[in-house]
Structures are given as structure tokens and as C-alpha cells.
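Notes for the one structure printed next.
Computed from heavy atoms alone, side chains included, the values below leave out hydrogens, waters and symmetry copies.
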Amino acid sequence: MTTVRSLVFTAWLYLSMAIFAVGLSPALLMPHGAAMAVIRWWAKFVLFGLRWICGVKVEFRGLRRRPAGPALVAAKHQGMLDVIIPFVVLDDPCMVMKKELMALPFFGWFAWKTKMIPVDRSAGSKALKDMVRTARERVQQGRQVVIFPEGTRTEPGAAPDYKPGVAAIYRDLDGPCWPVATNSGVHWPAHGFRRYPGTVVFEFLEPVPAGLKRPEFMGQLEEKIEGASGAMLQPAPIR
């Protein structure tokens with residue numbers, strides 16, 4: 001049954017992406033808010049299908065701690081769901097994402113229109129400088145910059161490997177950083193098509209204060225995210 005439901009949801013996911021992007025493509029010619037609304041509607045549509053097709057419920061904790069207005073948000077990344085969630089709970093999120101994703105049909109159109117932050121990983125130090133500069137511009141526009149500190153999806157419980165990009169943005173913005181923990185990879189794994197029933201939790205944690213030196217900042221950020229994410233893990237479902 002899990003396999004059948006997962007296949008149905010996979011069809012739901014990608015068909016909905018095409019339908020929203022093509023059917024509501026006039027939003028690409030409208031102001032920023034219209035395109036962001038399309039992404040937000042699609043994100044909620046995906047969560048609806050995830051709940052009723054696969055039996056995966058999404059629970060939010062610590063919403064009173066989520067930032068309002070310009071902010072840096074650093075989130076645990078275990079799967080695709082983590083990319084969708086910010087558009088449900090934040091006012092005007094701006095994702096730091098791989099440059100290659102901007103070339104994708106539908107997804108890339110709206111990512112370009114809503115001014116996400118593409119990163120060319122092959123560009124070395126230039127990529128880091130460009131990312132920091134663009135993140136500063138987006139925050140000055142009142143947006144919430146969302147970055148995955150590990151730079152890629154990791155398995156639940158795997159040893160973390162936090163990259164320097166988040167520290168560079170934190171130092172440049174000279175403000176607090178809001179960590180987000182999750183167990184999403186237990187129910188929507190990074191690899192494969194199966195989705196496992198249960199509850200995915202996204203929790204906004206107490207922000208890391210501004211002005212810390214890089215080692216202290218990275219230490220606090222990792223401790224907060226990994227500690228809270230690890231506490232959420234349940235025994236892995238039988239596959």
C-alpha cells in the first residue's frame with residue numbers, strides 16, 4: 001500500500017507543478033507578489049496531497065519564534081519537503097539554491113521571477129562572494145533568506161557537515177540567525193519515491209544572536225539544529 005500511495009503522490013506532485021506553472025504562468029508577468037502567491041498555493045496543494053494520499057502530516061513548532069521581516073534562516077535539509085515548507089510559513093522567503101535548478105522548466109521560471117539566490121558551485125570563492133552580496137540585497141528588500149548550512153540533503157541521523165556559506169552571510173548581515181530543525185527525511189527520504197506515514201515536524205528554534213565569532217556561531221548553530229533534529233527521530237519505518 002505504501003508503494004501504491006507513493007506512486008500516486010509522485011504523479012500528484014509533478015502534475016501539480018506543471019499545472020500550476022503553466023495554468024498560472026501569467027503571474028510571471030505580474031509583480032513579485034503574484035508569482036510568490038502561485039508558489040505558496042502550490043506548496044499548500046502539495047501538503048494536502050501528502051497528508052491525504054500518503055498519510056504524512058506536517059506539524060509546526062515554535063512558530064512564535066519565526067522571524068517577521070528581514071532575516072537569515074538556517075534549516076536542516078533532509079529532502080525536497082524542506083524546500084517547500086518555507087513558502088507555507090514565512091512571509092517572503094528567498095532560497096539559496098543550486099544554479100542548475102534555475103534551468104528547470106516551471107520551477108526555474110518562478111525561481112527566477114521571485115529572485116531566489118542561485119549558487120554556482122563550480123565558481124569557488126566568487127560563488128561565495130556573489131551569494132553573500134545577493135543575500136544582503138534580498139534582506140534589504142525585507143525578505144527572509146533561507147539557507148541549508150550543509151549545502152545538500154543528508155540522511156536522518158547522519159554526521160553533519162556544515163559549510164562556510166552560512167557563516168559568511170551571518171557575518172555580512174550582522175544580525176541574528178534563526179535555526180530550523182526537522183525530521184522530514186524519515187517520512188520523505190532524499191532518495192527513492194516512497195513516502196512513509198507519520199508526522200513530519202518543523203521547529204523554529206531560539207535564534208543565534210548577532211555578533212558572534214565564526215567558530216562560536218557555527219558551534220551554536222550546529223548544536224541547536226542537530227540537537228533538536230536528533231531528538232525528533234523515531235525508529236526508521238520498515239521498508
Side-chain angles (χ1 to χ4, degrees), residues 13-14 16-18 20-22 24-25 27-40 42-43 46 70-88 90 92-155 158 160-173 177-180 182 184-185 188-191 218 221 225:
L13 175 66
Y14 290 105
S16 68
M17 186 183 297
F20 271 74
V22 174
L24 299 176
S25 59
L28 294 169
L29 303 176
M30 298 179 185
H32 168 84
M36 185 61 71
V38 171
I39 301 175
R40 199 180 307 278
W42 174 73
V46 171
L72 172 62
V73 177
K76 185 68 178 173
H77 191 21
Q78 296 179 350
M80 183 175 176
L81 185 57
D82 312 331
V83 179
I84 296 172
I85 287 300
F87 298 100
V88 177
L90 295 176
D92 193 5
C94 179
M95 308 290 296
V96 176
M97 55 190 286
K98 294 186 296 185
K99 182 180 179 180
E100 294 81 358
L101 296 177
M102 301 293 283
L104 293 177
F106 314 134
F107 184 92
W109 301 348
F110 280 86
W112 170 81
K113 174 63 180 181
T114 53
K115 297 184 178 180
M116 300 301 155
I117 304 177
V119 176
D120 183 359
R121 295 182 177 180
S122 65
S125 60
K126 181 179 183 301
L128 182 61
K129 292 178 182 178
D130 289 345
M131 179 183 68
V132 171
R133 174 183 53 79
T134 309
R136 185 191 320 124
E137 292 173 357
R138 299 293 180 266
V139 167
Q140 289 172 348
Q141 294 164 0
R143 303 183 66 180
Q144 301 87 46
V145 170
V146 180
I147 186 171
F148 300 117
E150 293 166 283
T152 189
R153 298 169 296 180
T154 58
E155 296 290 332
D161 182 18
Y162 283 46
K163 309 299 184 185
V166 64
I169 296 176
Y170 167 80
R171 181 182 64 246
D172 185 79
L173 296 180
C177 176
W178 280 262
V180 179
T182 189
S184 64
W188 186 331
H191 305 290
M218 293 295 282
L221 184 67
I225 294 177

>> Please check: side-chain N/O of Asp82 versus main-chain N/O of Gln78, any donor-acceptor pairing under 3.5 Å?
In response: yes
> Roughly how far, to the nearest 0.5 Å, is CE of Met80 from OG of Ser184?
Replying inline: 12.0 Å
>> Can you tell me how far apart CZ (Arg40) and OG1 (Thr114) are? Round to the nearest 0.5 Å.
In response: 10.5 Å
>> Within this structure, what is the CE-NZ distance for the pair Met218 and Lys163, rounded to the nearest 0.5 Å?
In response: 9.5 Å
>> Testing the basics here: between Ala35 and Phe110, what is the closest heavy-atom pair and its distance to 0.1 Å?
In response: O-CD2, 3.8 Å
> Is the backbone of Leu13 close enough, under 3.5 Å, to the side chain of Ser16 for a donor and an acceptor to pair up by distance?
Replying inline: yes
For a quick test of your reading: what N or O donor-acceptor pairs under 3.5 Å do the side chains of residues 144-153 make, sequence neighbours left out?
from: Gln144; atom 1: OE1; to: Asp91; atom 2: N; distance (Å): 3.3
from: Gln144; atom 1: OE1; to: Asp92; atom 2: N; distance (Å): 2.7
from: Gln144; atom 1: NE2; to: Gly69; atom 2: O; distance (Å): 3.0
from: Glu150; atom 1: OE1; to: Lys76; atom 2: NZ; distance (Å): 2.9
from: Glu150; atom 1: OE2; to: Lys76; atom 2: NZ; distance (Å): 3.2
from: Arg153; atom 1: NH1; to: Ala190; atom 2: O; distance (Å): 3.1

>> Assess the residue pair His77 and Thr182 against the criterion (side-chain contact (heavy atoms from CB on, under 4.5 Å)); give the C-alpha distance rounded to whole Å, side-chain angles, the decisive distance to 0.1 Å, and a yes or no.
In response: CA-CA 8 Å; His77 191 21; Thr182 189; over 6 Å; no
> Between CD1 of Ile117 and CE of Met95, what distance do you get to the nearest 0.5 Å?
Replying inline: 10.0 Å
> Counting N and O atoms only, with roles assigned by atom type, does the side chain of Lys113 sit under 3.5 Å from a partner on the main chain of Pro31, one being a donor and the other an acceptor?
Replying inline: no
> Checking side-chain contact (heavy atoms from CB on, under 4.5 Å) for the pair Val96/Met116: CA distance, chi angles, key distance, verdict?
Replying inline: CA-CA 6 Å; Val96 176; Met116 300 301 155; over 6 Å; no
> Hey, what do you get for CG (Leu24) to CE (Met30), rounding to the nearest 0.5 Å?
Replying inline: 9.0 Å
> Nearest heavy-atom pair of Val46 and Ile84: which atoms, and what distance?
Replying inline: CG1-CD1, 3.9 Å
>> If I compare all heavy atoms of Phe20 with all of Trp42, which pair ends up nearest, and what's the gap?
In response: CE2-N, 3.6 Å
> When rounded to the nearest 0.5 angstrom, what distance separates CE in Met97 from CE in Met102?
Replying inline: 5.5 Å
>> Given 3.5 Å as the limit, does a donor-acceptor pair link the side chain of Arg138 with the main chain of Arg133, or not?
In response: no
>> Under the rule for ring pair (Phe, Tyr, Trp, His ring centres under 6.0 Å), what residues qualify as partners of Trp188, not counting sequence neighbours?
In response: Phe9
> Between Pro70 and Val139, what is the shortest heavy-atom contact and its length?
Replying inline: CB-O, 3.2 Å
> Checking side-chain contact (heavy atoms from CB on, under 4.5 Å) for the pair Ile169/Met131: CA distance, chi angles, key distance, verdict?
Replying inline: CA-CA 8 Å; Ile169 296 176; Met131 179 183 68; 4.0 Å; yes
